[in-house]
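For reference, the structure is listed below as structure tokens.
Being a predicted model, the structure only gives us computed values, none of them experimental.
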Amino acid sequence: ADALEAVQRQMAEVYTSWQEDPLDSDRNGRLGMHLSVYGKNSAAEPLYRRAWILAPNEFRWAYYLGYLAFTGGRTETAIDWFEQAQRLNPDYPALGLRLGRAWYELGDFKRARKALMAVGGSQGLRAAALYYLGQIDLLDRDYEQAVKRLRQALVMDPEASRIHYPLARAYRALGKADQARHHLALQGSQMPLLEDPLVQELKALERGARPYYISAMEQVEQGQYQAAVDSFRLGLERDPDNHNAWISLSRALYLAGQPEQAKQGLEQVLSRAPNKVLAIFLLAVMSDGAGER
């Protein structure tokens, strides 16, 4: 009930803000974000478009238009918007994966492979890229390469149980029945981790987590560290895959005088996302403070 009330209050605030200046790019985009996470895509899309028209160099609105189109099954339109977003910010890490998936859905495996191969070494993206590259290898009947890539994806993200099924298929095609049975028994529905800060921001809205995060950051600024810990935890109950929020919770725990719990939280983040630089840095700060040079 508290979460629902917080979401409704935030939605009302965003709508009121938009009414005050409907020609402001950010206000249109923010209202579009709130509408899209509650399935009101037909209302969200024109707001995203208006936001982009008002600020054509703003990467996030082109990206959200691509994401909206892709999740709505309009893959060709999604590619157009993702390519527009790529021209604005070619270094956004998740873009190569989004484009690769879109080309994969259209059956253009040459372009899909090129986009996926360009995905960087971020563990939060690389495992997903290898998963789709392995699927393309299966379709190309390059079973040895499929096994190599899918096994590497599992090493990077061992909790991604969805990888086991195509890996079992590749082993079966190679005549390795024991390995195929082993992985078939381990198959599940958990997809590889896909770190995408902009989409994560949407999901935080969808789960009603964002109001708690906002409160938590304000509480940190006011020195109310234990209250911030409680707010971050409430948000993470609704948004458990948000690594940035876990890092912020760990920082609040440290400031609240709970360094051991803070350390455990940061180590938990790094077990799933080893390249989270802020988590590594904060662990170094804690070690320095404890005299562990």
Side-chain angles (χ1 to χ4, degrees), residues 4 6-108 111-112 114-116 118-119 125 128 132 191 194-211 213-214 238-239 241-242 244:
L4 179 59
V7 170
Q8 290 173 333
R9 183 171 61 251
Q10 187 184 36
M11 186 70 187
E13 290 171 356
V14 172
Y15 181 67
T16 300
S17 175
W18 174 79
Q19 285 182 310
E20 291 171 357
D21 190 356
L23 293 180
D24 179 82
S25 171
D26 188 65
R27 296 184 195 210
N28 277 277
R30 286 286 172 186
L31 182 56
M33 289 171 66
H34 279 78
L35 289 168
S36 67
V37 299
Y38 296 111
K40 307 297 183 183
N41 292 343
S42 60
E45 185 166 1
L47 287 161
Y48 282 147
R49 283 181 177 273
R50 185 186 293 179
W52 179 74
I53 290 168
L54 291 167
N57 292 322
E58 183 62 44
F59 163 79
R60 69 162 50 206
W61 307 133
Y63 189 79
Y64 279 144
L65 280 162
Y67 181 73
L68 194 70
F70 184 79
T71 55
R74 295 177 290 128
T75 309
E76 292 180 352
T77 301
I79 288 171
D80 290 341
W81 280 115
F82 283 142
E83 289 181 339
Q84 173 65 32
Q86 193 172 48
R87 286 189 284 271
L88 294 170
N89 183 7
D91 297 324
Y92 187 72
L95 255 176
L97 188 60
R98 297 292 180 192
L99 278 167
R101 284 188 63 185
W103 286 119
Y104 176 85
E105 293 291 332
L106 288 179
D108 191 332
R111 288 182 177 176
K114 181 179 179 181
L116 293 166
V119 173
L125 292 170
Y132 287 104
M191 288 290 289
L194 199 169
E195 284 193 0
D196 188 335
L198 287 178
V199 173
Q200 192 65 56
E201 189 173 346
L202 282 178
K203 292 186 181 300
L205 288 175
E206 180 181 15
R207 295 166 179 149
R210 186 174 174 81
Y213 295 156
I214 292 171
R238 296 158 176 80
D239 186 26
D241 298 324
N242 191 327
N244 293 330

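Applying the salt bridge (charged side-chain N to carboxylate O under 4.0 Å, His left out) test to Glu45 and every residue at least two apart in sequence or in another chain returns Arg49, Arg74. With sequence neighbours excluded, the residues that form a side-chain hydrogen bond (donor to acceptor under 3.5 Å, both in side chains) with Tyr92 are Asp196.
Each salt bridge (Lys or Arg N to Asp or Glu O under 4.0 Å) pair with one or both residues in residues 51-65, not counting sequence neighbours, appears once here: Arg60-Glu201. The salt bridge (Lys or Arg N to Asp or Glu O under 4.0 Å) pairs that include a residue from residues 82-97 number zero, where partners must be two or more places apart or lie in different chains. Applying the salt bridge (Lys or Arg N to Asp or Glu O under 4.0 Å) rule to pairs touching residues 61-73 yields nothing, sequence neighbours excluded.
Separation of atoms CG (Leu97) and CD (Glu195) is listed at 11.5 Å; rounding is to 0.5 Å. In this structure, CG on Leu47 lies 10.0 Å from CH2 on Trp61, to the nearest 0.5 angstrom. With rounding to the nearest 0.5 Å, the separation of CG in Leu88 from CG in Leu95 is 9.5 Å. Taken from OG1 in Thr77 to CG in Leu65, the straight-line distance is 10.0 Å, to the nearest 0.5 Å. Rounded to the nearest 0.5 angstrom, Thr71 OG1 and Leu202 CG are separated by 9.5 Å.
Shown here for Gly29 and Ala51, the closest heavy-atom pair between the two residues is N-CB, 3.7 Å. Closest heavy-atom contact between Val119 and Gly96: CG2-C, 3.8 Å.
Asn28 is not listed as a side-chain neighbour of Trp52, based on a closest heavy-atom distance of 4.5 Å or more. Phe70 has its side chain out of reach of Arg98: every pair of non-hydrogen atoms, C-beta onward, lies at least 4.5 Å apart. The side-chain heavy atoms of Met33 and Arg30, taken from C-beta on, include a pair separated by under 4.5 Å. The shortest side-chain heavy-atom distance between Tyr63 and Gln84 does not fall under the 4.5 Å cut-off. At least one side-chain heavy atom of Phe59 sits under 4.5 Å from a side-chain heavy atom of Leu198.
In summary, the side chains of Ser36 and Tyr48 do present a donor paired with an acceptor at a separation below 3.5 Å, with no hydrogens or angles considered.
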Compile the donor-acceptor pairs under 3.5 Å between side chains in residues 99-106 and protein atoms, sequence neighbours left out, one pair per line.
unit_1	atom_1	unit_2	atom_2	d
Arg101	NE	Tyr132	OH	3.1

Check the pair Tyr67, Trp81 against side chain to side chain contact (heavy atoms under 4.5 Å, CB included), reporting the backbone distance first and the verdict last. CA-CA 8 Å; Tyr67 181 73; Trp81 280 115; over 6 Å; no

